[in-house]
Q: 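Take a look at this one; I'll ask things after.
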Amino acid sequence: MSLNRESAMKSKIITTSRVGILALAVVSFSFAGLALAQNPPSAKDKTFMKKAAKGGMMEVAMGKLAEQNGQSDDVKSFGKRMVTDHSKANDELKSIAQQKGIKLPSKEPTEKWSSDKVYMNMMVKDHEKDLAEFQAEAKDGSDPDVKNFADKTAKVVQEQLDLAKETQGKLQ
């Protein structure tokens with residue numbers, strides 16, 4: 001009788017051990033999968049994020065100057081939109097960067113105001129360049145969060161470019 005008990009006990013221990021090992025394996029693979037899913041952004045993604053942060057801060061700084069110093073109401077209104085849109089995008093980008101452990105530039109640019117016409121010419125040129133960069137990141141980036149940010153923001157940059165061209169046309 002004690003042989004049957006002993007055999008039954010060994011069987012329970014073996015079964016319990018196997019279940020424990022299986023559970024450990026499942027947990028290990030889950031963490032491995034999670035680690036793989038959280039690959040850090042590529043160097044290209046990081047470069048894009050840093051350039052976007054720097055450009056976004058410049059847009060806010062110049063927008064504030066346009067609001068204060070612009071001669072045309074259209075330029076003042078455009079500057080206000082730059083402050084609103086780019087502050088929002090900058091906050092979203094900071095949040096993504098923080099989640100990914102990326103340090104973005106934080107030094108506020110010191111910009112100078114010269115005239116409505118110079119500002120709007122710069123805004124058209126800058127937004128054309130930015131649009132191309134955001135569209136390229138949305139298409140070719142490797143990090144899904146950064147790609148999504150670039151895609152969403154590219155649509156806003158297109159709207160801003162159209163408005164910049166319209167405002168520029170009113171000044172000439």
Q: Got a list of side-chain donor-acceptor pairs under 3.5 Å for residues 127-134, not counting sequence neighbours?
A:
from: His127; atom 1: ND1; to: Met123; atom 2: O; distance (Å): 2.8
from: His127; atom 1: NE2; to: Gln160; atom 2: OE1; distance (Å): 3.0
from: Glu133; atom 1: OE2; to: Lys51; atom 2: NZ; distance (Å): 3.0

Q: With rounding to the nearest 0.5 angstrom, report the CE to CE distance, Met58 to Met82.
A: 10.5 Å
Q: Quick check: does any side chain N or O of Asn69 sit under 3.5 Å from a backbone N or O of Trp113, one acting as donor and the other as acceptor?
A: no
Q: Are side-chain heavy atoms of Ser95 and Gln99 found at a separation under 4.5 Å?
A: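 Counting from C-beta outward, Ser95 and Gln99 do come under 4.5 Å.
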Q: Would you mind reporting whether Ser142 and Lys44 have side-chain heavy atoms less than 4.5 Å apart?
A: no
Q: For Lys76 versus Gly70, what's the shortest heavy-atom pair and its separation?
A: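 That closest heavy-atom pairing would be CE-O, 2.7 Å.
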Q: Restricting to non-hydrogen atoms, name the atom on Tyr119 and the atom on Ala66 that form the minimum distance, rounded to 0.1 Å.
A: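 For Tyr119 and Ala66, the tightest heavy-atom pair comes out as CE2-CB, 3.5 Å.
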Q: Would you check if the side chain of Asp116 reaches a backbone N or O of Ser72 as a donor-acceptor pair within less than 3.5 Å?
A: yes
Q: Set out, in order, the CA-CA distance, both residues' side-chain angles and the distance that settles side chain to side chain contact (heavy atoms under 4.5 Å, CB included) for Lys64 and Val60, then state yes or no.
A: CA-CA 6 Å; Lys64 286 178 181 176; Val60 170; 3.8 Å; yes
Q: What verdict does the side chain to side chain contact (heavy atoms under 4.5 Å, CB included) test give for Asp91 and Lys88, after you've listed the backbone C-alpha separation in whole Å, the side-chain angles of each residue and the deciding distance to 0.1 Å?
A: CA-CA 5 Å; Asp91 289 344; Lys88 181 180 176 191; 5.9 Å; no
Q: Atom NZ of residue position Lys94 - does it have more than 12 heavy atoms of other residues, nucleotides or ligands inside 6.0 Å?
A: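 No, not enclosed.
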Q: Answer whether the closest heavy-atom distance between the side chains of Arg81 and Glu159 falls below 4.5 Å.
A: yes
Q: Considering all heavy atoms of both residues, which atom of Ile102 and which atom of Lys46 are nearest to each other, and what is their separation?
A: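 Smallest interatomic distance, heavy atoms only, reads CD1-CG, 3.7 Å.
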Q: How long is the gap from CE on Met122 to OG on Ser115, to the nearest 0.5 Å?
A: 10.5 Å
Q: For Asn90 and His86, indicate whether the former's side chain and the latter's backbone hold a donor-acceptor pair under 3.5 Å.
A: yes
Q: So, Thr153 side chain and Phe149 main chain: donor-acceptor pair closer than 3.5 Å or not?
A: yes
Q: Examine Phe78 and Val83 and state if one hydrophobic cluster contains both, with Ile, Leu, Val, Met, Phe, Trp and Tyr joined whenever side-chain heavy atoms are less than 4.5 Å apart.
A: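 Shared cluster, no.
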Q: Does Leu171 reach the side chain of Gln168, with side-chain heavy atoms less than 4.5 Å apart?
A: no
Q: Salt bridge between Asp143 and Lys147, side-chain N to carboxylate O under 4.0 Å?
A: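 Salt bridge flag = no for Lys147 with Asp143.
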Q: Please list, chain by chain and in numerical order, all residues satisfying salt bridge (Lys or Arg N to Asp or Glu O under 4.0 Å) with Asp162, sequence neighbours excluded.
A: none
Q: Applying side chain to side chain contact (heavy atoms under 4.5 Å, CB included) to Glu59 and Asp126, what does each step give before you reach the verdict?
A: CA-CA 9 Å; Glu59 296 285 2; Asp126 190 53; 2.4 Å; yes
Q: Which atom pair, heavy atoms only, marks the closest approach of Pro105 to Met57?
A: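 Heavy atoms only, the tightest pair is O-CE, 3.3 Å.
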Q: Could you check whether any side-chain heavy atom of Lys170 comes within less than 4.5 Å of a side-chain heavy atom of Met120, counting everything from C-beta outward?
A: no
Q: Would you say the side chain of Glu137 lies within less than 4.5 Å of the side chain of Met49, judging by non-hydrogen atoms?
A: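 They are not in contact (no side-chain heavy atoms under 4.5 Å apart), so the answer is no.
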Q: Taking side-chain contact (heavy atoms from CB on, under 4.5 Å) as the criterion, tell me which of Leu104, Leu93, Asp45 meets it with Lys50.
A: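 Option passing the side-chain contact (heavy atoms from CB on, under 4.5 Å) with Lys50: Leu104.
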